[in-house]
Chemist: 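My structure is below; once you've seen it, I'll send some questions.
In the text below, chain A, chain B and the rest are named by the order of the sequence lines, each starting its count at 1.
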Amino acid sequence: MKPTSDFRETIVALAKKRGFFWGPSPEIYGGSSGFFDLGPLGKLLKNRLEDNIRSSFVRASFWEVECPTVSPAIVWKASGHLEGFVDPVTQCTKCGQLYRADNLILEQAPEAKLAGLSLDDLSKKIEELEVHCAACKGILGPAKEYNLMLKTTLGLDQEAYMRPETATSTYLLFKRFLTFFRDKLPASVFQIGKAYRNEISPRQGMLRLREFTQVEGQVFILEKDEHDWPRFESIRDDKLPLLPCQVQESGSDKVTSTKVSAALTKGYFQKQAYAWCIHLAYSIFRKMGFSEDHMRIRQHLPNERAHYAVDAWDIEVLTNSHGWVECCGIHDRGNYDLSRHQKHSKEKLSVKVDKKPVVPNVLEIAFGVERPLFCAIDNAYVEDEKRTWLKFPPEIAPIQVAVFPLMGKPELLEPARQIFETIMDAGLITYFDQGGSIGRRYRRQDEIGTPFCITIDYQTLEEKTVTVRDRNSMEQVRVQRNDLADLLEDLVHGKVAFKSLSK
RNA sequence: GCGGCCAUGGUCUAGUUUGGUUAGGAUGGAAGCUUCCCAAGCUUCUCGCCCGGGUUCAAAUCCCGGUGGCCGCACCA
C-alpha cells in the first residue's frame with residue numbers, strides 16, 4: 001500500500017483528469033478553499049448516491065421536503081447556532097496568531113470557570129489571569145466572535161444566515177407536519193440540500209467544504225414510543241460494526257460486530273428507535289456500496305458532542321487517502337430543538353399525551369454527500385499490472401454501459417447507434433465512444449468505473465449478436481442483440497451475475 | 001489564522017541555484033489511415049510558466065503582496 005498522501009494525490013489527479021471534481025473553485029481566479037466544482041462524472045456519481053439515499057429513506061417511510069437555505073437571525077438564535085456555533089477567538093497583537101479564547105484560557109489556567117461567560121467576560125479573564133500568546137508570549141487582543149455561519153442580509157438590513165445544517169429548517173415545519181401526518185407520531189421526514197459553514201481554514205479537499213450537500217433524516221417521536229419501536233423486530237438480529245465509548249476510553253479502537261439487540265442489552269444504545277436509526281444509516285451506506293470491513297460506527301465521547309446531542313454515533317469509512325473518515329452522524333437530539341423553537345416563536349410545538357402537552361423528541365441521521373462521494377472514489381480505486389480502474393458497484397457507477405462500434409465504419413456505426421438508443425431507453429446511463437482503438441476505449445471506461453461495455457462487430461451484422469465485456473474480469477460474452485437491454489438491466493441491478501453468463 | 005516548504009499544457013514532470021536561443025519530456029486529447037477485442041502503429045494538429053506589482057536592456061527564473069496546495073500548530077458545533 002502506498003503512503004496515504006501519495007494515494008490522495010493519485011485520487012485527486014484522477015478526479016481532475018476524468019472530470020469527477022475540480023477545484024478549489026473558482027479555479028481561473030485562483031480559487032477559494034473549501035469550494036469545489038463537480039464535473040460531469042462527479043455529478044452523475046452524486047446523483048446516483050442521492051437516488052440511492054432517497055430510495056432508502058422512502059422505503060423506511062420518510063417523506064422528503066425542501067426548505068430555504070437562508071433564514072433570518074431569529075431562527076439561529078432559537079436553534080442555538082448563534083451562541084453554540086460561534087467560537088470566541090482571541091488574536092495575538094504581536095504575531096497575529098488566532099486562538100479559541102476559552103480553550104487557551106483553560107490551557108494556561110485550568111482552574112478557570114468559563115461556563116456562560118460573555119465575550120467581555122472572557123476578555124477580562126484573559127487580563128486577570130495574564131493569559132498570553134502561546135507562540136510568542138505577546139499580549140492578546142479582546143475576545144471576538146468567530147461565526148461559523150455565513151452571514152447575509154435580507155432586504156435593506158435584516159440580519160440573516162445561510163443555514164449551517166438542513167435540520168433546523170426542517171424543524172420549523174413541525175406544525176405543518178402534524179397536520180400532514182394527521183397528528184400521528186412517530187413521523188419521519190428528510191431533506192437533501194445545500195448547507196454552509198464558514199470554516200476558518202478548510203483543508204483536506206472534498207472532505208471539508210464551506211458549501212456542501214447535506215442529507216438529514218428526522219424522526220419526530222414521543223419519549224414513550226422510543227423504547228417500543230414496532231420496526232425494531234425486523235432488524236434485531238442484524239449486526240453492526242460498533243465502537244462504543246467505553247471501548248475508546250479504555251484506549252482501544254477495536255470494532256466489534258454486534259447484533260442490534262445485543263447492543264441494547266449491553267447498554268450501548270438506550271432506545272430501540274435510536275438503534276433502528278443507526279441501523280438505517282448503516283444500511284444507507286452499505287447500499288451506497290461501502291463494504292462492511294471499511295466501515296465502523298463510533299460513539300462520540302461526551303466532550304465531542306454537539307450542543308444539542310443527548311447521544312451521538314458516527315459512521316466512519318476507512319479510506320486509503322485519509323484513514324478513517326467521519327461520514328455520518330446519528331444524533332439523539334432529545335426535544336432540544338422543538339422546545340427552543342417553541343419558546344422563541346411562541347408557537348405551540350407540542351402534541352397532547354394524556355391531555356398534557358408534550359414536546360416530542362427528535363432522532364436524526366445527518367451526513368454530507370460529498371464525503372461519501374470522495375470515499376466512494378477512494379474505495380473503488382484499483383491499480384494492477386495491467387490497468388487503473390474503479391470498481392464501483394454497477395448501481396452507483398456514473399456511467400453504467402458504454403457502447404463501441406469495433407471500428408468507425410458506417411456499417412458498424414449505424415447499428416451501434418441503434419443499440420445505444422435501446423439501452424438508453426432502458427433507463428441506463430450510456431456512453432457512446434468510437435474514438436481510438438478498442439483496447440484504448442475499454443481502458444478509458446475502466447478508469448471511470450463503467451461496469452459493462454458493449455461492442456458491435458462484423459458478427460453483429462451477420463448473427464445479430466453483440467459482445468458484453470465485464471469490467472471486473474475483463475471477460476466477454478456474446479449475447480443476442482434483442483436480449484441485450486433486459487440483460488444489462490439485470491446485470492446493473494445485481495439480479496444476474498456476469499459470471500453466470502460465461503458458463 | 002501562524003510557521004516551514006511549494007505552484008510549469010488536460011494529467012505527471014524537467015528547467016529556477018548562477019535571469020539571456022523557439023520552455024524540454026512523458027502521458028493524454030482531436031482528425032485521418034489501418035476488418036482494430038484489451039492503452040499497437042503511422043500522418044497532421046491541439047494545449048502551459050497561479051494572479052498582481054517591482055527590479056532589469058531582458059523574468060518561468062530575483063524581490064514584495066495576493067491566492068491556492070502540502071506538512072506542523074490552532075480550528076473542525
Side-chain angles (χ1 to χ4, degrees), chain A residues 4-6 8-10 12-19 22-35 39 76 79-92 94-104 107 133-136 138 146-149 164-165 167-168 197-205 207-210 300 303-309 312 326 329 331 366 386-389 404-409 411-412 434-447 453-459 461 466-471 473-476 478:
Chain A
T4 57
S5 58
D6 282 4
R8 179 179 48 236
E9 281 162 28
T10 306
V12 171
L14 175 79
K16 279 191 192 172
K17 190 165 90 180
R18 291 301 185 184
W22 299 300
S25 176
E27 278 190 296
I28 63 167
Y29 289 105
S32 289
S33 65
F35 294 95
W76 307 110
S79 70
H81 286 91
L82 265 181
E83 32 186 281
F85 217 76
V86 173
D87 293 331
V89 295
T90 177
Q91 193 168 22
C92 173
K94 194 170 152 200
C95 74
Q97 176 71 39
L98 194 70
Y99 297 94
R100 263 288 287 268
D102 48 351
N103 290 0
L104 189 69
E107 218 171 83
C133 175
C136 75
Y146 183 87
N147 195 335
L148 276 91
M149 286 191 292
E165 58 164 26
T168 289
R197 291 178 192 186
N198 194 16
E199 306 278 0
I200 293 176
S201 71
R203 283 191 195 172
Q204 303 180 310
L207 296 183
R208 227 169 123 213
L209 298 172
R210 285 180 164 142
H300 273 203
N303 63 3
E304 282 181 90
R305 275 177 216 152
H307 62 272
Y308 47 69
E326 184 184 317
H331 306 121
K386 277 188 177 164
R387 53 185 186 146
T388 294
W389 57 292
F404 310 143
L406 185 61
M407 286 175 297
K409 297 284 188 188
E411 64 268 30
L412 292 179
Q434 62 179 91
S437 74
I438 191 73
R440 181 179 294 276
R441 282 177 275 168
Y442 286 142
R443 289 293 191 276
R444 277 203 279 252
Q445 295 306 314
D446 284 338
E447 213 180 10
C453 296
I454 309 304
T455 302
I456 285 80
D457 56 13
Y458 285 92
Q459 241 174 301
L461 304 180
V466 297
T467 61
V468 180
R469 183 260 197 186
D470 174 50
R471 176 198 65 201
S473 62
M474 295 171 67
E475 282 169 12
Q476 285 182 311
R478 190 165 276 279

Chemist: Which sits closer to the 5' end of RNA chain B, Leu14(A) or Glu165(A), going by the nucleotide each is nearest to?
Modeler: Leu14(A)
Chemist: As an exercise, state the distance from CD1 of Ile456(A) to CG of Leu412(A), rounded to the nearest 0.5 Å.
Modeler: 8.0 Å
Chemist: Taking the P atom of each, how far is G20(B) from C38(B), in whole Å?
Modeler: 49 Å
Chemist: Please name all residues satisfying side-chain contact (heavy atoms from CB on, under 4.5 Å) with Leu209(A), sequence neighbours left out, ordered by chain then number.
Modeler: Phe36(A), Phe212(A), Glu370(A)
Chemist: Please state how far atom CG in Leu148(A) lies from atom P in G1(B), giving the value in whole angstrom units.
Modeler: 14 Å
Chemist: Treat a base pair as Watson-Crick or G-U wobble with both distances under 3.5 Å, then lay out RNA chain B in dot-bracket form, 5' to 3', with | for cross-strand pairs.
Modeler: (((((((..((((......[...)))).(((((.......)))))....(((((..]....))))))))))))....
Chemist: Rounding to an integer number of Å, can you tell me how far Ile28(A) CD1 sits from C49(B) P?
Modeler: 14 Å
Chemist: Any side-chain heavy-atom pair from Glu447(A) and Lys17(A) closer than 4.5 angstrom?
Modeler: yes
Chemist: For a 4.5 angstrom cut-off between non-hydrogen side-chain atoms, does Arg441(A) reach Pro405(A)?
Modeler: yes
Chemist: Rounding to the closest angstrom, what is the interatomic distance between G53(B) and A59(B) at atom C1'?
Modeler: 13 Å
Chemist: So, the side chain of Arg210(A) versus the backbone of Glu199(A): is there a donor-acceptor pair under 3.5 Å, distance only?
Modeler: yes
Chemist: Would you measure the distance from the C1' atom in C49(B) across to the matching atom in U8(B) and give it in whole Å?
Modeler: 4 Å
Chemist: For nucleotides G66(B) and G3(B), find the distance between their P atoms and express it as a whole number of Å.
Modeler: 10 Å
Chemist: With rounding to whole Å, what would you report as the distance between U27(B) and G72(B) at their P atoms?
Modeler: 35 Å
Chemist: Say you pick atom P in U61(B) and the same atom in A23(B); how far apart are they, in whole Å?
Modeler: 15 Å
Chemist: Please report the C-alpha distance between Gln476(A) and Cys453(A) in whole Å, then the side-chain angles of each, then the deciding distance to 0.1 Å, and finally whether the side chain to side chain contact (heavy atoms under 4.5 Å, CB included) criterion is met.
Modeler: CA-CA 9 Å; Gln476(A) 285 182 311; Cys453(A) 296; over 6 Å; no
Chemist: How does protein reach along nucleotides 35-47 of chain B, written 5' to 3' as B (base within reach of a heavy atom under 4.0 Å), S (only sugar-phosphate), or - (no contact)?
Modeler: BBBBBS-------
Chemist: To the nearest Å, give me how far apart NZ (Lys16(A)) and C1' (G48(B)) are.
Modeler: 14 Å
Chemist: Could you list, one pair per line, each protein nitrogen or oxygen that sits under 3.5 Å from a nitrogen or oxygen of nucleotides 4-6 of chain B, together with the distance?
Modeler:
none

Chemist: Atom NZ in Lys386(A), atom CG in Asp446(A): separation rounded to 0.5 Å?
Modeler: 11.0 Å
Chemist: Please give the distance between the C1' atoms of G28(B) and U17(B) as a whole number of Å.
Modeler: 32 Å
Chemist: Hey, what do you get for CG (Leu461(A)) to CD (Glu411(A)), rounding to the nearest 0.5 Å?
Modeler: 7.0 Å
Chemist: Tell me, please, which residues at least two apart from Arg440(A) pass side-chain contact (heavy atoms from CB on, under 4.5 Å).
Modeler: Ser437(A), Arg444(A)
Chemist: Of all the heavy-atom pairs spanning His331(A) and Ala312(A), show the shortest one and how long it is.
Modeler: CD2-CB, 3.5 Å
Chemist: Given side chains that start at C-beta, do those of Met149(A) and Leu82(A) come closer than 4.5 Å, heavy atoms only?
Modeler: yes
Chemist: Is there a side-chain contact between Gln445(A) and Phe404(A) in this structure, where contact means two heavy atoms from C-beta onward sitting under 4.5 Å apart?
Modeler: yes
Chemist: How close do Trp22(A) and Gly39(A) get, counting heavy atoms only, and between which atoms?
Modeler: CZ3-CA, 3.3 Å
Chemist: What pairs of nitrogen or oxygen atoms, one from the protein and one from nucleotides 64-70 of chain B, lie under 3.5 Å apart?
Modeler:
{"unit_1": "U67(B)", "atom_1": "O3'", "unit_2": "Gly31(A)", "atom_2": "O", "d": "3.4"}
{"unit_1": "U67(B)", "atom_1": "O2'", "unit_2": "Gly30(A)", "atom_2": "O", "d": "3.2"}
{"unit_1": "U67(B)", "atom_1": "O2'", "unit_2": "Gly31(A)", "atom_2": "O", "d": "3.0"}
{"unit_1": "G68(B)", "atom_1": "OP1", "unit_2": "Ser33(A)", "atom_2": "N", "d": "3.3"}
{"unit_1": "G68(B)", "atom_1": "O4'", "unit_2": "Gly30(A)", "atom_2": "O", "d": "3.3"}
{"unit_1": "C70(B)", "atom_1": "O3'", "unit_2": "Arg8(A)", "atom_2": "NH2", "d": "3.2"}

Chemist: Rounding to the closest angstrom, what is the interatomic distance between G41(B) and A26(B) at atom P?
Modeler: 12 Å
Chemist: Among Asp457(A), Thr467(A), Thr455(A), find the one that has a side-chain hydrogen bond (donor to acceptor under 3.5 Å, both in side chains) with Arg478(A).
Modeler: Asp457(A)
